[in-house]
Amino acid sequence: MTLSSRIDLAYSHTALTTRDRGRLTELISEWQLVSDLSFADLILWVPRRKDYQSWPEGHIAIAHIRPTTAPTVFAHDVIGKELSWGENGRIDQTLSTGLIIRDAEPEMLGDILIKEETVPVHFEGQTIAVISRHRNAVAMRSASPLEINYREIAHKVFRMIAEGTFPIQDSIYQAEYAPRVGDGLVRLDAAGSVTYASPNARSAISRLGWDSEFEGAQLGAIFDSLQRNQSTPSEENWATVLSGKTLRRADFDNGNGIVDLLVIPLIEAGERIGSIVLVHDVTELRRRDRALVSKDATIREIHHRVKNNLQTVSALLRLQSRRVEDPIASAALAEAVRRVASIAIVHETLSTSSAESVLFDEVYDRIVHNAIELSPRPITPVKIGDFGILDSQVATPLALVVTELIHNSLEHGLADGGDTVRVEVSRSETTYTIRVIDNGVGLPDDFDWHKSSNLGLQIVRTLTENELKGTISLSRIDDETVALIIFKI
Ligand SMILES: Nc1ncnc2c1ncn2[C@@H]1O[C@H](COP(=O)(O)OP(=O)(O)O)[C@@H](O)[C@H]1O
Ligand SMILES: [Mg+2]
């Protein structure tokens with residue numbers, strides 16, 4: 001059973017409303033923060049009962065999160081686990097009283113000594129669920145300033161959950177790659193002054209250029225001063241962003257480095273009591289992103305220019321073909337125009353995509369469009385199958401090969417009689433098979449593939465063998481002329 005169907009099944013034993021479930025979903029998407037701050041596994045228990053008024057028969061676990069700051073205490077999966085009423089007094093009591101239960105005696109779970117605490121989840125005047133938190137009691141004894149601070153903050157956030165003020169509405173923590181506790185944490189008092197900064201937060205802010213004390217300083221003032229060193233004025237007033245009054249997420253970039261900041265206010269009994277600011281040094285991450293974006297843009301620009309140059313070449317050839325008097329020479333130049341145009345199509349398609357590969361079906365559609373335009377018999381080939389995505393190295397020769405074959409079918413095959421051209425494509429794990437088929441007159445009797453001095457099939461053969469490392473054959477099968485190309489991917 002998938003996780004979501006297990007959760008749905010678990011919910012089916014409860015009397016929670018859709019709004020309650022929505023609230024719990026919000027909580028579950030934000031509670032990594034509290035798990036990390038309290039170095040604890042968290043389990044969310046919802047009461048098992050038939051309707052809101054009825055006495056719960058027990059509880060069922062609908063979610064579990066492990067801390068990223070400490071080892072988990074549960075190796076196994078607890079979602080779906082059921083407890084009868086009376087089996088766990090703390091969870092029962094927290095559900096019925098709506099009170100946090102702390103300072104319980106540690107108990108053995110397997111061979112680890114575990115301390116369990118329970119926190120009610122309050123929503124719209126009700127206790128709708130209970131969080132049990134479990135942490136290794138032995139590991140807790142050696143408390144560093146970091147651990148003490150994290151745990152104090154965790155207690156405040158748990159109180160917010162019990163009072164129904166966490167997660168904060170319209171929360172943004174969930175946003176992708178939001179900073180985490182382990183990335184760096186600064187704790188602020190209600191006035192916005194730093195009371196604690198974790199080692200990672202210190203390194204991140206030092207890198208931006210701060211070399212003085214953290215404790216006691218206004219975090220907003222620190223960032224404003226770091227910003228002022230820069231020539232471009234910022235639109236953001238960092239004193240406001242980092243006051244801790246509202247939930248905020250912002251990138252700070254002063255040339256020395258870039259940090260991703262997440263400000264979470266702490267509230268108790270309706271009063272703002274301080275805030276935490278998660279600080280993630282994203283300098284390398286953002287620079288890499290930018291480098292990638294610009295490399296991408298460069299490649300696209302190059303394809304765009306190649307396309308433009310090819311179009312110029314094609315225009316020049318067209319001009320020349322009109323000027324030469326000899327009809328054979330003129331036709332030859334016209335063919336060259338068509339060939340150059342096919343290559344230009346590949347580059348044009350590459351210039352609009354970000355990858356070094358193209359959806360060849362797009363290229364194909366445009367090649368066909370061109371072929372029909374120039375053809376004495378404007379018949380649209382029927383396509384069976386899809387080309388899919390192809391590397392640009394394959395796309396250019398293949399575009400030429402397909403152009404020539406379609407052109408031959410239209411020009412020679414259907415010259416007297418016949419009315420269809422079919423392009424069949426199939427792709428296996430390793431091999432591409434392409435057939436260009438027409439129901440026209442067929443190859444001339446004296447046709448010799450190797451002696452043919454005409455350029456079209458020469459190009460087809462050279463490109464298929466040398467560039468695509470494949471094979472080409474021409475044959476008459478029933479009433480159809482079939483050009484068959486096979487190459488490996
Ligand atoms: N689908 C086809 N049906 C009939 N004849 C074909 C077909 N494809 C190629 N041929 C024959 O092969 C010859 C060589 O083709 P190609 O090398 O493309 O040169 P060109 O198209 O310039 O004549 C053509 O002149 C034609 O006689
Ligand atoms: Mg030809």
Side-chain angles (χ1 to χ4, degrees), residues 310 313-314 317-318 320-322 324-346 363-364 366-385 387 396-426 432-468 470-487:
L310 289 173
V313 171
S314 159
L317 290 172
R318 194 174 299 124
Q320 270 186 300
S321 83
R322 285 194 198 129
V324 286
E325 312 249 301
D326 180 358
I328 297 178
S330 170
L333 286 168
E335 298 246 283
V337 169
R338 181 166 51 76
R339 287 172 185 138
V340 173
S342 298
I343 304 177
I345 289 171
V346 176
V363 175
Y364 170 86
R366 305 185 55 180
I367 287 172
V368 166
H369 182 83
N370 272 18
I372 299 168
E373 215 166 51
L374 298 167
S375 160
R377 303 210 52 195
I379 290 169
T380 306
V382 180
K383 187 174 84 165
I384 298 171
F387 288 96
T396 309
L398 188 61
L400 279 173
V401 166
V402 172
T403 307
E404 291 304 325
L405 294 176
I406 290 177
H407 193 79
N408 276 355
S409 281
L410 292 172
E411 190 185 33
H412 307 299
L414 304 187
D416 353 86
D419 53 9
T420 45
V421 178
R422 211 160 67 241
V423 177
E424 299 180 356
V425 190
S426 64
Y432 253 100
T433 308
I434 297 164
R435 287 186 181 82
V436 179
I437 302 166
D438 66 70
N439 64 351
V441 288
L443 299 161
D445 292 335
D446 60 348
F447 177 77
D448 184 341
W449 182 232
H450 298 280
K451 286 192 191 132
S452 170
S453 60
N454 299 26
L455 195 56
L457 289 175
Q458 296 279 350
I459 291 176
V460 169
R461 200 174 75 207
T462 314
L463 291 179
T464 307
E465 289 172 359
N466 298 353
E467 303 286 320
L468 302 175
T471 57
I472 159 96
S473 68
L474 281 178
S475 52
R476 186 77 180 165
I477 300 172
D478 298 332
D479 290 332
E480 297 181 321
T481 311
V482 180
L484 171 66
I485 291 177
I486 301 174
F487 63 95

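Below, each value reflects all heavy atoms present in this structure, side chains not excepted, and no hydrogens, waters or symmetry copies. In this chain, residues are counted from 1 in sequence order. One-based numbering, in listed order, for ligands and for the atoms of each.
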Sub-4.5 Å side-chain heavy-atom contact between Phe487 and Leu398 = yes
query = Considering Ile437, Asp446, Leu443, which one's heavy-atom position lies nearest to atom 7 (C) of ligand 1?
reply = Leu443
query = So which bit of Asp438 gets within less than 4.0 Å of ligand 1, heavy atoms only: side chain, backbone, both or neither?
reply = side chain
Interfacing atoms of ligand 1 (cut-off 4.0 Å, heavy-atom, Phe447) = 12 (O)
remark   = With Val402 as partner, the option from Leu405, Ile406, Leu400 fulfilling side-chain contact (heavy atoms from CB on, under 4.5 Å) is Ile406
ask   = So, does His407 sit close enough to ligand 1 that a heavy atom of it is under 4.0 Å from the ligand?
value = no
message = Suppose I only count heavy atoms of Glu411 and a 4.0 Å limit; which atoms of ligand 1 are within that range?
response = 21 (O)
task = Look up atom CG in Asp438 and atom CZ in Arg422, then write down how far apart they are to the nearest 0.5 Å.
result = 9.5 Å
request  = Would you indicate whether the side-chain heavy atoms of Val425 and Tyr364 approach each other to under 4.5 Å?
outcome  = no
request  = Return a yes/no value for His412: is any of its N or O atoms, backbone included, closer than 3.5 angstrom to an N or O of ligand 1?
outcome  = yes
task = Output all residues satisfying side-chain contact (heavy atoms from CB on, under 4.5 Å) with Asn466, sequence neighbours left out; order by chain, then residue number.
result = Thr462
query = Is the shortest N/O to N/O distance between Glu404 and ligand 1 below 3.5 Å?
reply = no
message = Only heavy atoms of Leu457, strictly under 4.0 Å: list the atoms of ligand 1 that pass.
response = 12 (O), 14 (C), 15 (O), 16 (P), 17 (O), 18 (O)
inquiry  = Could you measure the distance from the CG atom of Leu443 to the CG atom of Leu457? Nearest 0.5 Å is fine.
reply    = 8.5 Å
Leu474 side chain near Phe447 side chain, heavy-atom distance below 4.5 Å = yes
ask   = Side chain or backbone of Pro444 under 4.0 Å from ligand 1, or both, or neither, by non-hydrogen atoms?
value = side chain
key: Leu414, Asn408, Val421: member with heavy atom nearest to atom 8 (N) of ligand 1   = Asn408
request  = Determine yes or no for a side-chain-to-main-chain donor-acceptor pair under 3.5 angstrom, with Ser314 supplying the side chain and Leu310 the backbone.
outcome  = no
task = With sequence neighbours excluded, tell me which residues meet salt bridge (Lys or Arg N to Asp or Glu O under 4.0 Å) with Arg338.
result = Glu335, Glu404
request  = Please list, chain by chain and in numerical order, all residues satisfying side-chain contact (heavy atoms from CB on, under 4.5 Å) with His412, sequence neighbours excluded.
outcome  = Asn408
request  = Check ligand 1 against Gly442 and write out every atom of the ligand that is under 4.0 Å from a heavy-atom position of the residue.
outcome  = 4 (C), 5 (N)
inquiry  = As an exercise, identify every atom of ligand 1 less than 4.0 angstrom from a heavy atom of Glu335.
reply    = 22 (O)
task = Please list, in chain and residue-number order, the protein N/O/S atoms closer than 2.8 Å to the Mg ion (ligand 2).
result = Asn408 OD1
Non-hydrogen side-chain atoms of Ser409 and Thr481 separated by less than 4.5 Å = no
task = Find the distance between CG (Asn439) and CG (Asp479) and round it off to the nearest 0.5 Å.
result = 8.0 Å
